[in-house]
Amino acid sequence: MPHLYRHFRVNQVFGANTDVGKTLLTTALLLAESRRTANNIYYLKPVSTGPDAEQDDAFLQRFSTTDRIKHHTLYRYSDPVSPHLAVSRESVEKKPPSDKEFARSIGDYITNTAALPNTHSLYVETAGGVHSPTLSGTSQADAYRPLLLPTIFVASYHLGGISTTLAAYESLHIRGYNIDTILVFKEEYYANYQYLTEWAQERGIHVATIDQPPSRDSNALNDEKALSAYFNSLSTNDESPVVRALEELDRRHQARIDEVEGLPDRTLKSIWYPFAQHSHITSSSQIGVIDSAHADNFDVYRPNRDSTSLLKQEFDGSASWWTQTLGHGNPTLALAAAHAAGRYGHILFPGHTHKPVLELCERLLEGPGKGWANKAFVTDNGSTAMEVALKIALRAASKKYGRTQRGVIGLSGSYHGDTIGSMDASEPSVYNNAVEWYSPRGGFWFDAPLIKYKSGKVILKGAVAMGVPENAVVNGDYWEIAISDSLSDAYNLDKRIKSDLSTLYRDFVQQTLIKLVGEGRQFGALVLEPLIMGAGGMLSVDPLFQRVLIDTVRANEKLFAEQAGEAYTEGQEWDGLPVIFDEVFVGLYRLGQLTPVSILGTAPDVSAYAKILSGGIVPLSTTLARQSMFDNFLGEEKKEALLHGHSYTAHPIGCSVANSSFEEIKKLTTSDDWKASKSAWNSESENAIWSLWNPETVKTLASLDNVDGVLALGTVLVVHLKSSGKGYESGGGQRFLATLANEGIHSRPLGDTIYFMSSLNTSRETIREVESKVIEGIKKFDV
């Protein structure tokens, strides 16, 4: 709910603590503002407590000399206590508004006010200090965060006020608030204003030092006259610090508009985008500016968009390219990052340890690595984690079968990153084939059967080359067959592992391996993206095929040993080939499970994690491996070690954020939202699939004529539009998402495939809102 208007300035007033003069100084601003403009000025007190005569808007009304100053209070309580207590005491049975409802009510008031004629400015005054509780008990700093209004900060002039002010400032700063000006009373005994003025000037923050109001007179009439004279002196003098503060607010407001509008041109001149053909980006009007982000949404400026507010809220439908764990701007993760930055910064890792990295590695080994992994190697991103995984697996294969040039076995459509080694682990594609140094290194990629849900049936589509299941319908080089009425049954490998289809898969894989080895092909690893191949087009692989492929490769130790001849060395705690799971996208609950191991029913020998690992805040990745994989790098010489790393290996900030993420995820696993979602999917078993997306939505989408298939797992909703025949090169998904952008939903297409992804803590309400817009949008879309 962003708010940035050309004609209408909105500021929020925060105080370092209670009794710092927030209401008095806000009144001074409003009175001075009314003398500078002929338009209307507005004052909003979201929550007010205490007797009517003592509430803040009553104070403003006493001294207002014009009807152009409008005031409003959203939630009013008579008990003069903290809002969370006032609401509980006054209305025991009535549930207080949630933080989302609270912020929305403020946002609605701002939107409605901005639409009125002759508006100039609005001041939103908070209650108490920065962390004073709101109606729900949440800190104000967090409850108001979705609005992220430019802030007027009232410092404390009392004893201890310097410390109070700096602590409150840092609380706002770490949450992304911009402080446009600081107001502080000129009190000479403690002289806080002197210290704070110098401190603020070093940071480029304007400070208005304001004379204290007259002492309170026991005679109410005299007291009011004295205050009126005081306000008059502050508002009528052009050199008044209050007037200067208003000028600074106007300057900052215009500067913010100028910056937002200027960023696209500056970007076009300087930025080289990833995954983008710049010959198609010819105008700055194509570039959106993300002014801020919170929870599941961006606050975006798009040039030439006709709207009252320059900023619009958009749902981050790609979860910022699959990294978001707990939403944007999460204060828990921000504090974890800040704490680690302050305690450690970055430190040399080899030969040392620190608590954040040790705790993280122990969590991973006891979590996704439980029962099979013994060592964790910490790196910086998914591509690097896969580079490490490949080095580990290829060393193991070389130790067992002899050192030679070895390729990998994988699946067609896979993607493991953009570094050279990771690219070489995938077949030629749009991602790597144009790179001059790319080499598939004799690898082989199976054309795996894919799953989709269409018209109430789970459909498998596989290549005729592997054989055709009984009752399948053949269309050219591919067959299709319905295997179930529910996705849950399709992912239940305990039931499917002894099926005829399993036998067909096993025979095909076995024959293919014999043929490849007979041709002299040398392999060093089986590399898989479990369940869904993300960048390749959100391809939902039949889990049965992946399980059979793993089992069959492991069962062929003798085949690879005979190929190796005298170079073969028995040993290792793995058979056939080392199996690598690329869980960069699919791991750590992205698909609803801690790891796809629980669905596939078998563990890898090496696995890679990133993306969701560090909450979408900082780059971080890990590679887990069995003990025998680690042992292959032991020796007397340094060259025998795993010589891989980067300057920021195991950086404490990333590790601390990851640990904090895991703590928050642990709470989510027992949350009401997760329980309700699992119940909707009838997911009673620990290993059963489920999704935050509604199963009824999946059924509705799957029944639409212009949809070729749907899948929902965990946070991911995948919709395959009817194909144009161009696959990944198709513009169908892009055209559809362009129409959906008008509804406030942003995502990135993968050819004819569109997908929508949530954070792990996205509310059911938000999910339902997105689902409704997606369904209506696809119904109207002409492929």
Enquirer: Salt bridge between Arg256 and Asp291, side-chain N to carboxylate O under 4.0 Å?
Expert: yes

Enquirer: Looking only at side chains, do His131 and Ser171 share a donor and an acceptor under 3.5 Å apart?
Expert: yes

Enquirer: Using 30° and 60° as the class boundaries, would you call the ring planes of Phe8 and Tyr42 parallel, tilted or perpendicular?
Expert: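 Taking Tyr42 first and then Phe8, their aromatic rings stand perpendicular (interplane angle over 60°).
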
Enquirer: Please check if any side-chain donor atom of Tyr177 sits under 3.5 Å from a side-chain acceptor atom of Gln12, or the reverse.
Expert: no

Enquirer: Are any side-chain N or O atoms of Lys773 and backbone N or O atoms of Glu743, one a donor and one an acceptor, separated by less than 3.5 Å?
Expert: yes

Enquirer: Without swapping roles, check the side chain of Ser621 against the backbone of Ala610 for a donor-acceptor pair under 3.5 Å.
Expert: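 Checking the backbone N and O of Ala610 against the side chain of Ser621, no donor-acceptor pair under 3.5 Å is found.
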
Enquirer: Tell me every residue that passes side-chain hydrogen bond (donor to acceptor under 3.5 Å, both in side chains) with Asp418, counting only those two or more places apart in sequence or in another chain.
Expert: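 Counting only residues at least two positions away or on another chain, Asp418 forms a side-chain hydrogen bond (donor to acceptor under 3.5 Å, both in side chains) with Tyr415.
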
Enquirer: Look at the side chain of Thr126 and the backbone N and O of Val13, then say whether any donor-acceptor pair between them is shorter than 3.5 Å.
Expert: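 Yes; at least one donor-acceptor contact below 3.5 Å.
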
Enquirer: Under a 3.5 Å distance rule, please check whether Arg68 uses its side chain to pair with a backbone N or O of Thr37 as donor and acceptor.
Expert: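 Judged by distance alone, yes, a pair lies under 3.5 Å.
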
Enquirer: Which word best sums up how the rings of Phe14 and Tyr144 line up, parallel for under 30°, tilted for 30 to 60°, or perpendicular for over 60°?
Expert: perpendicular

Enquirer: Under 4.0 Å between a side-chain nitrogen and a carboxylate oxygen: does that hold for Asp250 and Arg36?
Expert: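 So Asp250 pairs with Arg36 through a salt bridge.
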
Enquirer: Taking it one step at a time, do Ser235 and Arg35 satisfy side-chain hydrogen bond (donor to acceptor under 3.5 Å, both in side chains)?
Expert: CA-CA 7 Å; Ser235 60; Arg35 289 173 169 83; 3.1 Å; yes

Enquirer: Quick one: do the Ser763 and Thr766 side chains pair a donor with an acceptor below 3.5 Å?
Expert: yes

Enquirer: Using the ring centroid of each side chain, check whether His328 and Phe298 are separated by less than 6.0 Å.
Expert: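 Yes, ring centres under 6.0 Å apart.
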
Enquirer: Given side chains that start at C-beta, do those of Glu33 and Arg9 come closer than 4.5 Å, heavy atoms only?
Expert: yes

Enquirer: Heavy atoms, side chains only, cut-off 4.5 Å: are Ile162 and Trp199 in contact?
Expert: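 They are not in side-chain contact.
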
Enquirer: Can you say whether the rings of Tyr755 and Trp322 are parallel (under 30°), tilted (30 to 60°) or perpendicular (over 60°)?
Expert: perpendicular

Enquirer: Got a donor-acceptor contact below 3.5 angstrom from the Ser240 side chain to the Val242 backbone?
Expert: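 Looks like yes, one N/O pair under 3.5 Å.
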
Enquirer: Counting N and O atoms only, with roles assigned by atom type, does the side chain of Thr165 sit under 3.5 Å from a partner on the main chain of Ser156, one being a donor and the other an acceptor?
Expert: yes

Enquirer: With side chains defined as the heavy atoms from C-beta onward, is the minimum distance between Ile653 and His346 less than 4.5 Å?
Expert: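 Ile653 does not reach His346 side chain to side chain.
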
Enquirer: Apply side-chain hydrogen bond (donor to acceptor under 3.5 Å, both in side chains) to Glu261 and list each qualifying residue two or more places apart in sequence or on a separate chain.
Expert: Arg6

Enquirer: Report the C-alpha separation of Val207 and Leu196 in whole Å, then their side-chain angles, then the decisive distance to 0.1 Å, and conclude whether the side-chain contact (heavy atoms from CB on, under 4.5 Å) test is met.
Expert: CA-CA 8 Å; Val207 176; Leu196 292 173; 5.8 Å; no

Enquirer: Hey, can you tell me if Tyr169 and Phe153 have their rings parallel, tilted or perpendicular (30° and 60° cut-offs)?
Expert: tilted

Enquirer: Are side-chain N/O atoms of Ser309 and His3 paired as donor and acceptor at under 3.5 Å?
Expert: no

Enquirer: Given Val10, which partner from the list Leu44, Ile110, Leu4 fulfils the side chain to side chain contact (heavy atoms under 4.5 Å, CB included) test?
Expert: Ile110

Enquirer: Is the backbone of Val657 close enough, under 3.5 Å, to the side chain of Ser661 for a donor and an acceptor to pair up by distance?
Expert: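 Side chain of Ser661 to backbone of Val657, a donor-acceptor pair under 3.5 Å: yes, one is there.
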
Enquirer: Once you measure the plane-to-plane angle for His72 and Tyr109, does it fall in the parallel (<30°), tilted (30-60°) or perpendicular (>60°) bin?
Expert: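 The rings of His72 and Tyr109 lie parallel, inter-plane angle below 30°.
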
Enquirer: Among side-chain atoms of Ser660 and Thr332, is any donor-acceptor pair under 3.5 angstrom?
Expert: no

Enquirer: Any donor-acceptor pair under 3.5 Å linking the side-chain atoms of Arg590 with those of Thr715?
Expert: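 Note: Thr715 and Arg590 side chains meet the donor-acceptor criterion.
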
Enquirer: Is the backbone N or O of Gly744 less than 3.5 Å from a side-chain atom of Gln313, with the two atoms forming a donor-acceptor pair by type?
Expert: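 Not a single qualifying donor-acceptor pair exists.
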
Enquirer: Report yes or no: does Ser98 contribute a side-chain atom to a donor-acceptor pair with the main-chain N or O of Glu101 at less than 3.5 Å?
Expert: yes

Enquirer: Could you check whether Asp142 and Thr138, counting side-chain N and O atoms only, form a donor-acceptor pair closer than 3.5 Å?
Expert: no

Enquirer: Counting only N and O atoms by type, is there a donor-acceptor contact under 3.5 Å from the side chain of Thr151 to the main-chain atoms of Leu149?
Expert: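 Yes, Thr151 side chain to Leu149 backbone: donor-acceptor pair under 3.5 Å.
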
Enquirer: Please step through side-chain contact (heavy atoms from CB on, under 4.5 Å) for the pair Leu692 and Leu717, ending with a clear verdict.
Expert: CA-CA 9 Å; Leu692 290 172; Leu717 173 66; over 6 Å; no

